[in-house]
Asks: 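Here it is, the structure in full.
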Amino acid sequence: DLDYLKRGSSTVYINVPVGNVRQYASVLRVLIGQHLTGIMSSRDYIAEWPICFFLDEFPQLGYMKPIDDALDIGRDTKIRLWLFCQNLGQIYQHYKNADGILAACNFQSFMNINDNKTAAYVERRLGTTSGSYLDARTRSLASGPELMGPEYENKVVVLGRGLKPIRADKSWLSEAPAFLKRLPAAIRDSYG
């Protein structure tokens with residue numbers, strides 16, 4: 001029974017120690033898949049507020065049909081997926097429709113890009129800029145090597161559907177006590 005999620009302000013945390021996601025992947029797939037499928041199958045009920053799933057390191061779970069389904073039809077039931085991974089190669093490894101997953105994202109954020117495939121993707125999505133009046137050549141807004149270099153080490157590149165790209169500074173949770181104190185103790189304590 002998933003009514004506790006549909007009623008409003010419930011929060012469920014599944015916290016797995018770093019490096020143990022693969023060890024618990026089969027159990028995590030069942031828990032996450034059961035919740036996604038259960039919410040999507042409740043056509044008679046639409047949540048008042050979006051139901052957000054924050055799935056850090058989601059490619060380590062392997063392919064999950066409920067994730068594909070939630071991207072296709074989850075909006076109708078107010079499911080919102082926030083998918084996190086180390087690089088795009090992880091998504092392409094486990095999902096045949098990796099391009100569809102990327103296209104379904106309203107926003108994509110990239111930081112500490114460390115592989116050529118992800119850098120090329122972001123460079124392509126950023127597009128080009130024209131030179132000055134004296135130099136009409138176009139160039140990439142940011143090249144792959146630039147995106148992987150020190151200039152972007154403490155930056156986040158945010159790409160939003162239909163919006164201009166954003167180059168933002170990283171903010172560290174450990175340096176934001178007002179936000180840190182709002183976290184559950186188990187998570188807050190991991191920040192020392």
Side-chain angles (χ1 to χ4, degrees), residues 2 4-5 9-40 49-72 74-75 77-95 97-115 117-119 121-122 147-148 152-161 166 168-176 179-192:
L2 300 174
Y4 67 94
L5 283 178
S9 62
S10 298
T11 302
V12 176
Y13 292 95
I14 302 173
N15 190 3
V16 176
V18 175
N20 291 350
V21 173
R22 285 197 178 109
Q23 179 181 347
Y24 296 107
S26 59
V27 173
L28 293 170
R29 278 195 299 271
V30 169
L31 288 172
I32 295 165
Q34 171 188 357
H35 283 78
L36 286 170
T37 303
I39 293 165
M40 288 184 291
W49 301 100
I51 300 172
C52 296
F53 285 76
F54 295 86
L55 302 176
D56 195 8
E57 302 292 348
F58 88 98
Q60 289 190 34
L61 299 172
Y63 175 75
M64 289 185 60
K65 185 171 183 342
I67 288 178
D68 267 346
D69 293 343
L71 288 167
D72 288 341
R75 286 189 178 107
T77 54
K78 294 196 177 179
I79 288 177
R80 302 295 183 264
L81 296 179
W82 287 47
L83 306 173
F84 300 87
C85 63
Q86 294 296 317
N87 58 61
L88 296 181
Q90 292 178 322
I91 299 173
Y92 281 95
Q93 178 182 357
H94 296 288
Y95 288 86
N97 188 21
D99 290 327
I101 288 176
L102 295 171
C105 295
N106 287 329
F107 289 93
Q108 300 172 358
S109 299
F110 297 89
M111 59 183 149
N112 296 67
I113 297 171
N114 60 6
D115 70 291
K117 185 172 192 159
T118 303
Y121 174 84
V122 174
L147 292 164
M148 293 191 299
Y152 282 82
E153 183 178 355
N154 290 308
K155 302 292 181 190
V156 179
V157 176
V158 181
L159 305 172
R161 189 178 295 147
I166 298 168
D169 293 324
K170 285 184 189 174
S171 294
W172 300 100
L173 185 59
S174 58
E175 297 170 3
F179 292 110
L180 193 58
K181 71 180 181 182
R182 295 173 64 189
L183 291 174
I187 295 172
R188 184 176 57 240
D189 293 346
S190 69
Y191 284 92

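For the single chain, residues carry numbers from 1 onward in sequence order. Values below: every heavy atom of this structure, side chains too, minus hydrogens, waters and symmetry copies.
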Asks: Is there a side-chain contact between Leu55 and Ile67, using heavy atoms and a 4.5 Å cut-off?
Replies: yes
Asks: Let me confirm one number: the CG-CH2 distance from Asn106 to Trp82, rounded to the nearest 0.5 Å.
Replies: 10.5 Å
Asks: Which distance, rounded to the nearest 0.5 Å, do you find between the CD1 of Ile51 and the NZ of Lys78?
Replies: 9.5 Å
Asks: Any idea which heavy atoms bring Met111 and Lys155 closest together, and the distance?
Replies: CB-O, 3.6 Å
Asks: Under 3.5 Å, is there a donor-acceptor pair between the side chain of Asn87 and the main chain of Gln90?
Replies: yes
Asks: Show the nearest heavy-atom pair for residues Trp172 and Lys170, with the distance to one decimal.
Replies: CZ2-CD, 3.8 Å
Asks: Take atom CZ of Arg80 as the centre, draw a 6.0 Å sphere, and report whether it contains more than 12 heavy atoms from other residues, nucleotides or ligands.
Replies: yes
Asks: If you compare all heavy atoms of Tyr121 against all heavy atoms of Gln108, which two are closest, and at what distance to 0.1 Å?
Replies: OH-OE1, 2.9 Å
Asks: Working to the nearest 0.5 angstrom, can you tell me the gap between Phe53 CZ and Leu83 CG?
Replies: 11.0 Å
Asks: Looking at Val122, Asn112, Asn114, Thr118, which hits side chain to side chain contact (heavy atoms under 4.5 Å, CB included) with Leu147?
Replies: Val122
Asks: SG/Cys105 to CG/Leu71 distance, rounded to the nearest 0.5 angstrom?
Replies: 6.5 Å
Asks: Is a side-chain donor or acceptor of Arg22 paired with a backbone partner of Gln60 at a separation under 3.5 angstrom?
Replies: no
Asks: Compute the centroid of each ring, for Phe58 and then for Phe84, and state whether the two points are separated by less than 6.0 Å.
Replies: no
Asks: I'd like to check Leu36 versus Ile79 (side-chain heavy atoms, cut-off strictly below 4.5 Å). Are they in contact?
Replies: yes
Asks: Looking only at non-hydrogen atoms, find the nearest pair between Ile113 and Met148 and report the distance.
Replies: O-CG, 3.4 Å
Asks: Is any side-chain heavy atom of Val21 less than 4.5 Å from a side-chain heavy atom of Asp56?
Replies: no
Asks: What are the two closest non-hydrogen atoms of Met64 and Tyr95, and how far apart are they?
Replies: N-OH, 3.1 Å
Asks: Roughly how far, to the nearest 0.5 Å, is the CG atom of Leu88 from the CG atom of Leu102?
Replies: 5.5 Å
Asks: Calculate, to the nearest 0.5 Å, the distance between atoms CG and OH belonging to Asn97 and Tyr92 respectively.
Replies: 9.5 Å
Asks: Ignoring hydrogens, what is the shortest heavy-atom contact between Pro59 and Cys85? Give both atom names and the distance.
Replies: CG-CB, 3.5 Å
